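In what follows, a single structure is set out as structure tokens and then discussed.
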Amino acid sequence: MKKHGFRKFDNGWRFKIGGTSWEAFGITLRYFNKCGFRLLLNFNTDFLINLFGFNQKIIGV
């Protein structure tokens with residue numbers, strides 16, 4: 001994975017690994033101050049989509 005990073009916002013922060021269309025997958029973890037988390041999983045290859053059964057999944061708490 002070439003793209004990764006941490007970014008701080010006024011209402012929380014975001015940590016991202018991958019995510020561009022030419023990489024195999026992207027994972028983003030987003031935290032909202034006093035509200036919760038959101039996890040985004042993106043799969044960009046046919047192998048990973050067939051293995052897991054989805055190309056994008058959003059999990060929030």
Side-chain angles (χ1 to χ4, degrees):
M1 296 276 100
K2 294 186 178 188
K3 301 232 178 206
H4 63 278
F6 179 82
R7 185 168 178 192
K8 187 159 174 56
F9 298 104
D10 290 338
N11 64 344
W13 51 264
R14 177 185 73 194
F15 182 71
K16 187 173 186 178
I17 299 172
T20 60
S21 61
W22 53 271
E23 292 180 343
F25 65 91
I27 299 173
T28 304
L29 178 64
R30 179 75 204 271
Y31 171 71
F32 300 96
N33 290 342
K34 301 177 185 175
C35 293
F37 288 92
R38 179 176 24 177
L39 178 66
L40 280 80
L41 301 171
N42 294 310
F43 298 119
N44 299 323
T45 62
D46 289 336
F47 174 75
L48 289 174
I49 292 169
N50 291 332
L51 182 67
F52 290 101
F54 59 88
N55 65 338
Q56 184 181 48
K57 185 74 134 184
I58 301 171
I59 302 167
V61 188

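Nothing here was measured: the structure is a model prediction, and the numbers come from that model.
- L40 belongs to a hydrophobic cluster whose remaining members, ordered by chain and number, are I58; membership requires side-chain heavy atoms of ILVMFWY residues under 4.5 Å apart, directly or through intermediates.
- Every residue two or more places apart in sequence or in another chain that forms a side-chain contact (heavy atoms from CB on, under 4.5 Å) with N11 is listed here: F9, R30, F32.
- Residues satisfying the side-chain contact (heavy atoms from CB on, under 4.5 Å) criterion with F15, sequence neighbours excluded, are F6, W13, I17.
- Note on V61: it does not cluster hydrophobically with I27, by side-chain heavy-atom contacts below 4.5 Å among ILVMFWY residues.
- A search for side-chain contact (heavy atoms from CB on, under 4.5 Å) contacts involving F52 returns F43, L48, F54, not counting sequence neighbours.
- Considering only heavy atoms from C-beta on, L41 stays 4.5 Å or farther from F25 through its side chain.
- Applying the side chain to side chain donor-acceptor pair (under 3.5 Å) rule to pairs touching residues 45-58 yields N42-Q56, sequence neighbours excluded.
- A distance of 7.0 Å separates OG1 of T28 from CZ of R14, quoted to the nearest 0.5 Å.
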